[in-house]
Amino acid sequence: MAEKAYGGSAINTPRTKTPPDAKRYYTPAEVEAHNAPYDLWLSWHGHVYDLSVLAEERRGDPLLVPILKNAGKDISHWFDRKTGDLKTCVNPLTGSLIGYTPEGRFLHVPPPLPRADWDPQNVRTPWWLDKEQYCIGKLGSRTRKIIIKNTLTQDEHIVEVCVEEKLSAIQDRYMSLNQHAKGYMWKRLGTLLDMSTTLEENGIKDEGIVMEKLGMDEELYLPTIHLYFSDDLTIA
């Protein structure tokens, strides 16, 4: 199958099913959940990409197979951290540099030898270098779990978050469990939390690494954030 022209326009609009948000952090578990051909996320070098639209466009293309096999996974080992481009190796037949593809050549990678069905002019920007069209956010460097307890309903949930996330982003996560989350005051040990800063900056230390070294079960000692309903309608 010949490589199709890689679309482009004067306005480079995102080609993703998920709205891009440069400030949004995702957990590895969230990326892993998108592991189908019609819902395909990948991560590499600290960013998350939604390739669902590209996968649908190239359905049935054998060059899509290595990508589909790694759906929902981190593929940082495919790319050079400094350049962001595909790693290279020496072609033993020609002595020239070619793309390093241990799982097989994939979409937008030039063939190791000249082929009639390959025209480099058709690939303006390979998908792994096109953040504007496919990048939807960042991959958290580490995750931690917290308990969020609603003092009004007595409901409590364990929520996994990225250590880089501000409380306002965690509040957005919690909205899937309580759509009125912004109508509550968020407190820890009676102290009102600053929603514009992280858990760590609010004094809620991440002790997971220490507990792991001590052989302690982190989930038995998760910090709890208490939500207090506010009758101030301007909060929500």
key: Modelled atom types, side-chain donor and acceptor of Asn91 and Ser96, under 3.5 Å   = no

Over all atoms of both residues, closest heavy-atom pair of Ser52 and Asp39 = OG-CA, 3.4 Å

request  = Let me see the working for Trp78 and Lys87 under side chain to side chain contact (heavy atoms under 4.5 Å, CB included), right down to the final yes or no.
outcome  = CA-CA 6 Å; Trp78 288 9; Lys87 289 182 178 179; over 6 Å; no

task = Write down the atom of Glu103, the atom of Asn70, and the distance for their closest heavy-atom approach.
result = OE1-ND2, 3.0 Å

key: Cluster companions of Leu222 among Ile, Leu, Val, Met, Phe, Trp, Tyr (side-chain spacing under 4.5 Å)   = Ile147, Ile158

request  = Examine distances only and state if a side-chain atom of Asp61 and a backbone atom of Leu63 form a donor-acceptor pair shorter than 3.5 Å.
outcome  = yes

ask   = Side chains of Ser141 and Val163: does their closest heavy-atom pair fall under 4.5 Å?
value = yes

request  = Using a strict cut-off of less than 4.0 Å between a Lys/Arg side-chain nitrogen and an Asp/Glu carboxylate oxygen, indicate whether Lys145 and Glu218 qualify as a salt bridge.
outcome  = no

Spatial distance of atom CG (Leu227) from atom CE (Met185) [nearest 0.5 Å] = 10.0 Å

message = For Asp206 and Glu200: C-alpha separation, side-chain torsions, deciding distance, then whether side chain to side chain contact (heavy atoms under 4.5 Å, CB included) applies.
response = CA-CA 7 Å; Asp206 180 8; Glu200 194 84 15; 3.8 Å; yes

Leu54 and Ile67, any side-chain heavy atoms less than 4.5 Å apart = no

note = In this structure, OG of Ser168 is separated from NZ of Lys23 (nearest 0.5 Å) by 9.5 Å

ask   = Out of curiosity, Ile146 CD1 to Leu167 CG, how far, rounded to the nearest 0.5 Å?
value = 7.5 Å

ask   = Centroid-to-centroid, Trp127 to Tyr49, below 6.0 Å?
value = no

note = When rounded to the nearest 0.5 Å, the distance separating CG of Leu193 from CD1 of Ile170 is 9.5 Å

message = Among residues at least two apart in sequence or on other chains, which ones pass salt bridge (charged side-chain N to carboxylate O under 4.0 Å, His left out) with Lys149?
response = none

task = Flag yes if Val48 and Leu68 sit in one hydrophobic cluster, no otherwise; membership is Ile, Leu, Val, Met, Phe, Trp, Tyr, and two members link when side-chain heavy atoms are under 4.5 Å apart.
result = no

ask   = Tell me the ring-ring contact (aromatic ring centres under 6.0 Å, His included) pairs involving residues 154-177, sequence neighbours left out?
value = Tyr174-Trp186

message = With a 4.5 Å cut-off on side-chain heavy-atom distances among I, L, V, M, F, W and Y, is there a chain of contacts connecting Met175 to Ile225?
response = no

task = Taking side-chain hydrogen bond (donor to acceptor under 3.5 Å, both in side chains) as the test, write out the residues that go with Asp85, two or more places apart.
result = Trp128

Any Leu177 side-chain heavy atom under 4.5 Å of Val159 side chain = yes

note = Smallest heavy-atom separation, Glu160 atom then Ala29 atom, equals OE1-CB, 4.0 Å

request  = Identify the heavy atoms of Ala36 and Ala71 that sit nearest to each other, and give their distance.
outcome  = N-CB, 4.4 Å

task = Can you label the angle between the Phe79 ring and the Trp44 ring as parallel, tilted or perpendicular, going by 30° and 60°?
result = tilted

inquiry  = side chain to side chain contact (heavy atoms under 4.5 Å, CB included), that's the test. Do Arg188 and Asn202 meet it? Break it down for me.
reply    = CA-CA 9 Å; Arg188 165 69 174 162; Asn202 271 285; over 6 Å; no

key: Val65 with Ile75, same ILVMFWY side-chain cluster at under 4.5 Å   = no

ask   = Where do Lys17 and Val53 land on the side chain to side chain contact (heavy atoms under 4.5 Å, CB included) test, with the steps shown first?
value = CA-CA 7 Å; Lys17 289 186 175 181; Val53 174; 4.2 Å; yes

key: Approximate separation, where rounding is to 0.5 Å, of Leu152 CG and Tyr228 OH   = 12.0 Å

query = If only atom types and distance count, is the side chain of Thr198 paired as donor or acceptor with the main-chain N or O of Lys166 below 3.5 Å?
reply = no

ask   = For Leu97, which fellow cluster members are found when Ile, Leu, Val, Met, Phe, Trp and Tyr are connected by side-chain heavy-atom distances below 4.5 angstrom, either directly or through intermediates?
value = Val90

query = With side chains defined as the heavy atoms from C-beta onward, is the minimum distance between Thr143 and Pro28 less than 4.5 Å?
reply = yes

inquiry  = Applying ring-ring contact (aromatic ring centres under 6.0 Å, His included) as the test, list every pair that has at least one member in residues 205-225; sequence neighbours left out.
reply    = none

ask   = Counting only heavy atoms not in Glu32, do more than 12 sit closer than 6.0 Å to its CD atom?
value = no

inquiry  = As an exercise, state the distance from OG1 of Thr191 to NE2 of His226, rounded to the nearest 0.5 Å.
reply    = 12.5 Å

task = Find out whether Val31 and Asp74 are in side-chain contact, i.e. whether some heavy atom of one side chain is under 4.5 Å from a heavy atom of the other.
result = no

ask   = Around Glu201, counting heavy atoms of other residues, nucleotides and ligands shown, do more than 12 lie under 6.0 Å from its CD?
value = yes

task = Determine the minimum heavy-atom distance between Asp194 and Ser196, stating which atoms define it.
result = OD1-OG, 2.7 Å

message = Consider salt bridge (charged side-chain N to carboxylate O under 4.0 Å, His left out). Of Arg142, Arg173, Arg144, Lys138, which one does Glu165 pass it with?
response = Arg173

query = Do Phe106 and Tyr134 sit in the same hydrophobic cluster, where Ile, Leu, Val, Met, Phe, Trp and Tyr count as joined when their side-chain heavy atoms come under 4.5 Å apart?
reply = yes

task = Examine distances only and state if a side-chain atom of Asp50 and a backbone atom of Thr18 form a donor-acceptor pair shorter than 3.5 Å.
result = yes

ask   = Do you know which two heavy atoms are closest between Leu64 and Ala55, and how far apart they sit?
value = CD2-O, 3.5 Å

query = Can you find a pair of side-chain heavy atoms, one from Pro111 and one from Arg105, that are under 4.5 Å apart?
reply = yes

key: Over 12 foreign heavy atoms within 6.0 Å of CD, Gln179   = no

